[in-house]
Amino acid sequence: MTFLKLDGLSKTYGDYVAVKGLSLDIDRGEFISLLGPSGCGKTTTLQMIAGFVDPTHGRIVVDGQDVTKLRPEKRGMGVVFQSYALFPHMTVADNVSFGLEMRGMARPERQKRIAETLELVHLNGLDKRYPRELSGGQRQRVALARAIAIRPQVLLLDEPMSNLDAKLREEMHIELRAIQRHLGITTILVTHDQVEALTMSDRIAVMHGGRIVQVGSPLDAYERPESPFASSFLGKINAVNGQVINTRSDCCEIRIADMTVLVPHEGRDIGSQVNVYVRPEKIRIATQGEASKINGKVTTRVFLGSHWMLEVESVLGSLRISLPNTGVAPPQEGETVGVAWSDKDLRVLTAEASHG
Ligand code: ATP
């Protein structure tokens, strides 16, 4: 059931429309990410939900109550920003205590809540330290502890991990997700990091130009992008132009370069121009005896630990191929290889969707 409703939210700065009629229904306890490139309106949307920016149009409803005109502190929301903005002159415990004192929580209960919360974010024993005596990752945890100590009904996260190094960020993704599940807090994360969105979210809302262009589970958003923007923003992808040359009841034939591929029909007209997409991990280097679709020449080969990334020059242009590391090195740069895929792994979008 919808817990947080964003209903036709817009924000205009002078002539510039930063957010355009954005609507989204979020369930209680759901973790949803607003994912998109810089300037697409993610932060503005989050700031409107938090109450720091007034919407030009639209409503924000939490648990049936219209909070659009409420002051931020009356909304029962916890917020963690990119710059954690901890109080430098206060200890960790006092930073976490701040919101509880503001809400008039009695001291014994407060002490108990601080201890519980610091344990949850794995900061027990550091309560007397000052922010300057903490690592970046620990400071980030204090900011999170401060936001969740009040047990907010909604948690808003604006790129909270962007100051952490890659390894710490990966650990925090998993930890933060576990904490969010444990507390059951409805959470909205703003990020331009697709891995972050894929790892933590129940659903991802892909934003582009002030609008949501697609909402779905991480797997859906990744496997079935609805526009070229969504397909290229969420993960690496190979794109090839094609034309529909024949349709059958359940599938259609598409011509790409000098070959024909068979894809699900989805109501396409003969002669229409399409874009054909395939993820790098859905392409294989054909093994001996396996029929390949095309031949190509390896131009780049990079080892990434868990997998290899190859670029193969072919009649379809330069194809990016991701191969799992099986302990055996794949063909080297300069070698000619057969390239194979299953047509069911191709994603086809009509050329009109390209302008969406
Ligand atoms: P980033 O990932 O870079 O933070 P974002 O998707 O969060 O980007 P927003 O900060 O929401 O983007 O900004 C959306 C657009 O609105 C941008 O073009 C920005 O320049 C503009 N904008 C934001 N705040 C203001 C403001 N106070 N006055 C004028 N324009 C603004």
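Atoms within a ligand are numbered from 1 in the order they appear, just like the ligands themselves. All values below were derived from every heavy atom in this structure, side-chain atoms included, with hydrogens, water molecules and symmetry-related copies excluded.
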ask   = Which distance, rounded to the nearest 0.5 Å, do you find between the CD of E311 and the OG of S318?
value = 4.5 Å

task = Under 4.5 Å between side-chain heavy atoms, chaining through other members, with only Ile, Leu, Val, Met, Phe, Trp and Tyr counted: pull out the rest of the cluster around M102, sorted by chain and number.
result = F87, M90, F98

Which pairs would a plain distance check flag for residues 321-328, meaning a side-chain donor or acceptor within less than 3.5 Å of a matching protein atom at least two apart in sequence or in another chain?
from: N325; atom 1: OD1; to: G327; atom 2: N; distance (Å): 2.8
from: N325; atom 1: ND2; to: G305; atom 2: O; distance (Å): 3.0

task = Enumerate the protein residues lying less than 4.0 Å from ligand 1, judged by heavy-atom distances, in chain and residue-number order.
result = Y13, Y16, A18, P37, S38, G39, C40, G41, K42, T43, T44, E159

task = Return the set of residues passing side chain to side chain donor-acceptor pair (under 3.5 Å) with R169 (not counting sequence neighbours), or none when no residue passes.
result = none

ask   = How far apart are the closest heavy atoms of G39 and Y16, and which atoms are they?
value = O-OH, 4.1 Å

inquiry  = Taking R141 first and then E175, would you say they form a salt bridge - that is, a charged N and a carboxylate O separated by under 4.0 Å?
reply    = yes

